[in-house]
Each structure stands twice: as structure tokens, then as C-alpha cells.
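Remember, predicted model here, so these are calculated numbers, not experimental data.
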Amino acid sequence: MPDRPAPLPDPVPRISPNTRLRPLLLAGRAWASAAAAGLWRASRRQARRLDAIDRARLRAEARLMVLAAGFFVAFLAIAGRMAVLASSEPEMRSAATTISEPILGTRADITDRAGRVLATNLATHSLYAHPQDMIDPERAATELAAIFPDLDRDRLLRDFTGDRRFVWVRRQISPEQAQRVHDIGEPGLLFGPREMRLYPNGAIAAHILGGASYGREGVHSAEVIGVAGVERFFDARLRDPEQQDEPLRLSIDLTVQAAMEEVLEGGMTLMNAKGAAGIIMDVHTGEILAMASLPDFDPNARPRPATSGDPGDSPLFNRAIQGVYELGSVFKIFAVAQALELGLVTPDTMIDTRGPMTWGRFRINDFHNYGPELSTTDVIVKSSNIGTAHIALMIGAQRQRAFLDSLGLLRPTSIEMAEAPTGTPLLPRQWSEISLLTISYGHGLSTSPLHLAAAYATIVNGGTRVVPTLLRQDHPRTGERVLSEQVSRQATEMLRQVVVRGTATFADIPGYEVGGKTGTADKPRPEGGYYDDKVIATFAGVFPASDPRYVVVVSLDEPVETSGPEPRRTAGWTAAPVAGELIRRAAPLLGLRPEVAVATPDGVTLAAN
């Protein structure tokens, strides 16, 4: 059969039911696929968030662990430190010190030239409190105030009942006080070992020694440091552990020092003086055998520095070193000695003493009218201002200043004391011709008694410069030559004549050949000018004059002798008799025997002391 022809396609396709539903199926499938993709993406996002949260949690946990470990270590260190502190006593430290520096409480002794103790350390106790350990703070405060009257009971009670865990009660206490505190029976009151500085002779040589105090402190020890005098000057040497067994030996003689202070105190009372100073010096070595300033103090209970008033009225003020004054006629021997050295005069040269002497608008007078002229020796013996001024004119201002400088009168002394630099001489602003004249008789230039003693020692010891010292010397110290031996002998003989027949006869002690010079200078007013009724009276001398061994200086502040009908203030009536009594007491202690004068065959043998 022939094949049938293929049917022609329908003009409109026929759609089967499946064909009609395919778009919906495809759409559904697409929706399902999109939803699944969305769910997948959402799940992935959620998974990432959960991972981030887990990582953050892990980091936080790690940080917390590190922080916890840090706190644990810190608390462990604090607990360990608290354990150490709980097993040891608390310690008060100075802010200027470090924990590693040990506190050395030992200090070498100080002795006089014969080895007698002037300062030493004494083992004692300190007293402190732990208020948290107290049973009855009120009773403890009451009992302590009774034992130590200088303590305030109410303040102690506030300290014991407040927040403080450590309270200093007393830096040092005596064994008797320690026993009384122990008898209180308060467990919160504790004792610590302590070295205290002791001055067994009390106020004797107080200004020389100066005093000591505590530096760095702890309950187990404390530094003892010098605050004045030789204690401060030699502080490093006294605290040196390698030299603790070697006492610092001074040049002073304790017996002579005690005698000087007793005589000066009596002289102050008799002469109604407000203060006094005294010095005895070896003319060959410069050693200070005794040096005192009154009023004084006890270095065992050194007073606080004055905060008001005149510092010179304080008992801490050392008149022998810090007190610079116009010393008056004791300076006249310097002008005469220089003129002798320059060959301008001899002891017998006649000097014009007609008065008054006029220089510009200034007038120079003498205390008495000595006539038209005096010999050079009698200018010193009679103490003529006019005669000394004429001698000074021969010398000239430039040479005068150089000579006084060679005597050490224009600079602070080098004495081994912390106060030495404060004793600076007061010089004129311009060393004019009127300064030349007034300085020659002791006005216009202010120096200390120690300056004067050193200068006199130079004048009388043969003419060599003397440097004062507080350290014992084993042999003489020869300084530069200032005067020839001949001029030194002539000047010493003039000083002897002053005591024999001049203004200082009250200083003559038979048997000891005392030589010296008096000086009376008006005290300057703070506002300018001078007082009419207040003076500084000074005696500077040497004994024995035939073979000079010692220089003595006595100075009285505002003395007035009232035994006669009128008050007398000159040094011949005030300082000279005190100096004479000092020599009478001190010379035998220094090993000097009085010279014996043998009378006529039918007489007796006289000995004067």
C-alpha cells in the first residue's frame, strides 16, 4: 500500500494537561529552589554569627582567666608582704632615705686633752605604740602624761583612739622611765633599742660641743647627728664606723673650762652684765684650753632657736665666735707693734697727745688729759686715743689694713666649729683716713673675741702667726712671721706695764706676771649711733709676760660696776678684775707655779698665787 502522506500540522497546537501545568510546576520548583537557597544562606549567616559569638566568648573567657591570674598573683604578693610586715616591727623612715641604707646609731666619743669624756653614747630605749593592740588607751594616755609631763594627755588619747597604727611616744627614755612605762602593763606600748648622745658634764663647754639630735629613725635604731659646734663640724668623722673606737680629742682642759665658766658667771653677777665670753689660748700652738660664752645651755636638752627678738640674747649664741664687736682700746697694741716693726717709733719716742685732735668734721678725744705728749710706751699704758691716732698716721691706711689682715682680723677664723663662718668681721665700706684713725684705737672695725685672742698670741709669742684650733696638738705650729722677736718682746713689755701701772691694775695677780690691755667700746644702736650707757668691756692679756705661754680674753656685755657712788662701766673696773680672777684660778691648773719673791734678810719669804 502506498504510504500515507504525513499529516499537516494543526494550525493551533494542542496542549496536554501536563503541558498546561508546567509553568506552575516550574514556578513552584523555582520558588522551592529559591526558598531553599534563602534558607541555606540564612543558616550560613546564623552559623557565622554563632561562630563569632563562640570566638568572642572564648576570647572573653581567656581574658578573664588572664585577669583572674593577675589578681591572684597580686593578692598573693600582698598577702606575702602583709605576712612579712606582721612578723616584724614597723619602722619610721625619712623621706630622704632609701630602704637599702642601713641606720648606724653609733658615734665616737669626744674627750678633752687629758682623755676625760665630754660626749659619749648611752644605750637606752625609745617608746612607741601600736594603738590597735591597746587594751585601755585612756588609762595608757593618763599614765604616760604622768610619767612624761611634757606630753599632752588629750593628744595622746586622740592618737591612740584614731586610725593610726603606729605612734611615736618618746624618741628616748631613761631606764627609770622605761621601768615605769613597763609597769603600766599595756601591751600596745613597745620599746626599741636606741643610742642617745650624753654630755656627762652638763652645760660645761656647751657651745664648743654644740649638741646632737636624731636623723633617720627606726624603732630598732636611729642616726645620731651633730647639730652645732664640733659635733656638727666633725659629724662625718664621729659617725665613721672605722673610727668609732678612736675618740675625738679636743684641746680644751675640762678643769680649766669649768673654772672659767664659774668665774665668768660670778663676774656677770658682780658686774651686772647681760653676757660674757672668755678664752684661754696657748700662744705657741693655737690650742684653745678653754672657751666659754654666757648665758649657756645644757646640750642634753638643747633649746630651740629663738624665732623672735635679738639673736644675740639667745643662750645658743656663741659670743666668743659669733659675737663681732668694736672692741676698743685693746686694738692699740697693734698700731704700736706695727710702727715698731716699720721703724717709725721706738718705745721711748715721744708722741703728740694734745687734744682734741680734729680731722675734718671729726674730733678725737682722750678719756683724760695726758698733757702735750707721751712716750710710745705710755701711749699704751695710759691708753691715749690721740697718741695712737698720730702713730696710725705714720703707718697709713694701706699698710694698716695689710698688717691687720696678717693678724687674721679681717676674715672669719678657721676654728673647727660649725659657727665659725658666721663670725665674719665687719669692715668699713671705704678704708679712709678717718677709718685709719678710729680703727687704730678699736672703733670702725668689729671682730670677735676669738679673733682678738689669736692676734694677741701672734704679738706676744715671738711674732709668728697663730691659727686657733680646738684639736690637741703634740708640738708647736710655727706660722708665717709677722713681727720680729725684738718687737714682740717690746710689745709684751708694754702690755706688762699696762697691768703694773696703767689701766689694768685690777688684773695683776702677783706671781704670774700678767700683761694685758683694756678696751671699752660703746655699743651701737640698731637704728644707728651709739648708746650712752651700754658698752662692751674687754681685757686681752698674756701670762707670764716674761715667758709668754697663754693668752686670755675676757669680754663683758653691758657691764656696770656699782660699788662706788657712781656707776662705772670701763673695762679697768669690770673686765680686768674678772680676768685677774680667771688667771688666779686657771694658772695653777695649767701647771704654772707662782714666782717667789725673797724679801730682805730680816723679812719673810712671800709667795703669791
Side-chain angles (χ1 to χ4, degrees), residues 271-273 325-336 339 350-359 361-393 434-446 452 494-508 515-525 529-541 553-580:
M271 303 303 172
N272 306 289
Y325 313 102
E326 293 180 342
L327 296 177
S329 297
V330 289
F331 263 54
K332 290 175 181 174
I333 193 64
F334 303 143
V336 169
M350 301 306 294
I351 307 298
D352 185 2
T353 56
R354 292 171 296 178
M357 179 180 181
T358 303
W359 195 266
R361 60 186 179 88
F362 299 98
R363 294 164 63 90
I364 299 174
N365 292 286
D366 279 333
F367 194 74
H368 297 290
N369 181 8
Y370 299 122
E373 58 182 10
L374 290 172
S375 68
T376 302
T377 298
D378 283 343
V379 165
I380 295 297
V381 172
K382 303 295 184 181
S383 195
S384 171
N385 294 339
I386 298 173
T388 308
H390 279 293
I391 292 174
L393 284 175
I434 189 60
S435 297
L436 163 71
L437 301 180
T438 59
I439 288 174
S440 70
Y441 54 85
H443 288 77
L445 174 63
S446 298
L452 185 66
M494 291 180 184
L495 295 175
R496 173 62 180 156
Q497 291 301 311
V498 173
V499 174
V500 172
R501 59 185 181 90
T503 60
T505 54
F506 285 148
D508 192 20
K517 185 73 185 73
T518 56
T520 308
D522 294 332
K523 288 190 69 173
R525 297 177 180 270
Y530 293 86
Y531 290 105
D532 295 329
D533 58 350
K534 296 181 179 180
V535 301
I536 297 291
T538 304
F539 174 85
V553 171
V554 170
S555 180
L556 299 178
D557 189 357
E558 299 183 18
V560 53
E561 199 276 327
T562 57
S563 64
E566 295 183 359
R568 291 171 288 209
R569 298 180 173 85
T570 58
W573 285 94
T574 57
V578 176

Engineer: If I compare all heavy atoms of S440 with all of A392, which pair ends up nearest, and what's the gap?
Structural biologist: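 The pair with the smallest heavy-atom distance is CB-CB, 3.6 Å.
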Engineer: Looking only at heavy atoms, what is the nearest atom pair of G519 and V330, with distance?
Structural biologist: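 Scanning both residues completely, I find the closest heavy atoms to be N-CG1, 3.7 Å.
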Engineer: If we only count heavy atoms from C-beta on, is the R496 to D508 side-chain gap below 4.5 Å?
Structural biologist: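 R496 reaches D508 side chain to side chain.
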Engineer: Of the non-hydrogen atoms in G516 and F539, which two are nearest, and what is the gap between them?
Structural biologist: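 Minimum heavy-atom separation between G516 and F539: CA-CZ, 3.7 Å.
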Engineer: Less than 4.0 angstrom from a charged side-chain N to a carboxylate O is my criterion; do D378 and R501 meet it?
Structural biologist: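 The answer is yes: the pair qualifies as a salt bridge.
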Engineer: Any side-chain donor paired with an acceptor under 3.5 Å for T503 and S383?
Structural biologist: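 No, because no side-chain N or O of T503 sits under 3.5 Å from a partner of the opposite role on S383.
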Engineer: Treating E326 as the side-chain partner and G444 as the backbone partner, does any N or O pair qualify as donor plus acceptor under 3.5 Å?
Structural biologist: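 Yes; judged by distance alone, with no hydrogens or angles, the pair exists.
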Engineer: Which atom pair, heavy atoms only, marks the closest approach of A540 to V553?
Structural biologist: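 A540 and V553 have their closest heavy atoms at CB-CG2, 4.1 Å.
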Engineer: Is there a side-chain contact between S329 and T518 (heavy atoms, below 4.5 Å)?
Structural biologist: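 They are not in contact (no side-chain heavy atoms under 4.5 Å apart), so the answer is no.
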Engineer: Verify, without hydrogens or angle tests, whether T520 (side chain) and A571 (backbone) share a donor-acceptor contact under 3.5 angstrom.
Structural biologist: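 Answer holds: yes.
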Engineer: What's the separation between atom CD1 in I364 and atom CG in L437, rounded to the nearest 0.5 Å?
Structural biologist: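 It comes to 4.5 Å.
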Engineer: Kindly indicate whether the side chain of P577, heavy atoms from C-beta on, has any atom under 4.5 Å from the side chain of M271.
Structural biologist: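 Yes, at least one pair of side-chain atoms sits under 4.5 Å.
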Engineer: Do T353 side-chain atoms and I386 backbone N/O form a donor-acceptor pair below 3.5 Å?
Structural biologist: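 Judged by distance alone, no pair lies under 3.5 Å.
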Engineer: Walk me through whether F367 and T570 qualify under side-chain contact (heavy atoms from CB on, under 4.5 Å).
Structural biologist: CA-CA 10 Å; F367 194 74; T570 58; 4.2 Å; yes
Engineer: Using side-chain heavy atoms (C-beta onward) and a distance below 4.5 Å, is Y325 in contact with T538?
Structural biologist: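 A side-chain contact under 4.5 Å is absent here.
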Engineer: Show me the donor-acceptor pairs within less than 3.5 Å that the side chains of residues 557-568 make with the rest of the protein, sequence neighbours left out.
Structural biologist:
residue: D557; atom: OD1; partner: K523; partner atom: NZ; Å: 3.0
residue: D557; atom: OD2; partner: R319; partner atom: NH1; Å: 2.7
residue: E558; atom: OE2; partner: K523; partner atom: NZ; Å: 3.0
residue: E561; atom: OE1; partner: S563; partner atom: OG; Å: 3.2
residue: E561; atom: OE1; partner: R568; partner atom: NE; Å: 3.0
residue: E561; atom: OE1; partner: R568; partner atom: NH2; Å: 2.9
residue: E561; atom: OE2; partner: S563; partner atom: N; Å: 3.0
residue: E561; atom: OE2; partner: S563; partner atom: OG; Å: 2.1
residue: S563; atom: OG; partner: R568; partner atom: NH2; Å: 3.3

Engineer: Once the angle between the rings of Y441 and H443 is folded into 0 to 90°, is it parallel (under 30°), tilted (30 to 60°) or perpendicular (over 60°)?
Structural biologist: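 Ring orientation of Y441 relative to H443: tilted.
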Engineer: Less than 4.5 Å apart, side chain to side chain, heavy atoms only: is that true for L436 and W359?
Structural biologist: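 Side chain of L436 against side chain of W359, heavy atoms only: no contact under 4.5 Å found.
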Engineer: Measure the OG1-CG distance between T438 and L445 for me, rounded to the nearest 0.5 Å.
Structural biologist: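 Separation between the atoms: 9.0 Å.
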Engineer: Is any side-chain heavy atom of M494 less than 4.5 Å from a side-chain heavy atom of K517?
Structural biologist: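 In short, these two side chains do not touch, never coming nearer than 4.5 Å.
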Engineer: For side-chain contact (heavy atoms from CB on, under 4.5 Å), just list the numbers for R569 and D533, CA-CA rounded to whole Å, side-chain angles, deciding distance to a tenth of an Å, and then say yes or no.
Structural biologist: CA-CA 8 Å; R569 298 180 173 85; D533 58 350; 3.8 Å; yes
Engineer: Where do T574 and A537 come nearest, in terms of heavy atoms and distance?
Structural biologist: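 Scanning both residues completely, I find the closest heavy atoms to be OG1-CB, 3.3 Å.
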Engineer: Which distance, rounded to the nearest 0.5 Å, do you find between the CG of L495 and the CD1 of I380?
Structural biologist: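 Between L495 CG and I380 CD1, I get 7.5 Å after rounding to 0.5 Å.
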Engineer: I'd like to know if the side chain of N385 reaches the main chain of N365, judged simply by a donor and an acceptor atom lying under 3.5 Å from each other, with no hydrogens or angles considered.
Structural biologist: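 Pair found, side chain donor or acceptor close to backbone of N365.
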Engineer: Does a side-chain heavy-atom distance below 4.5 Å link K332 with T388?
Structural biologist: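 The answer is yes; the side chains approach within 4.5 Å.
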Engineer: Using the test salt bridge (charged side-chain N to carboxylate O under 4.0 Å, His left out), find all partners of R361 that sit at least two apart in sequence or belong to another chain.
Structural biologist: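 In terms of salt bridge (charged side-chain N to carboxylate O under 4.0 Å, His left out), with neighbours along the sequence ignored, R361 is linked to no residue.
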Engineer: Should we count OH of Y531 as having more than 12 external heavy atoms under 6.0 Å?
Structural biologist: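 Yes, OH of Y531 has more than 12 neighbouring heavy atoms, counting only those of other groups under 6.0 Å.
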Engineer: For T358, what residues pass the side chain to side chain contact (heavy atoms under 4.5 Å, CB included) criterion, not counting sequence neighbours?
Structural biologist: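 Side chain to side chain contact (heavy atoms under 4.5 Å, CB included) list for T358, sorted by chain: R363.
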Engineer: Does the side chain of I351 come within less than 4.5 Å of I391's, by heavy atoms?
Structural biologist: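 A side-chain contact exists here, since the closest heavy-atom pair is under 4.5 Å.
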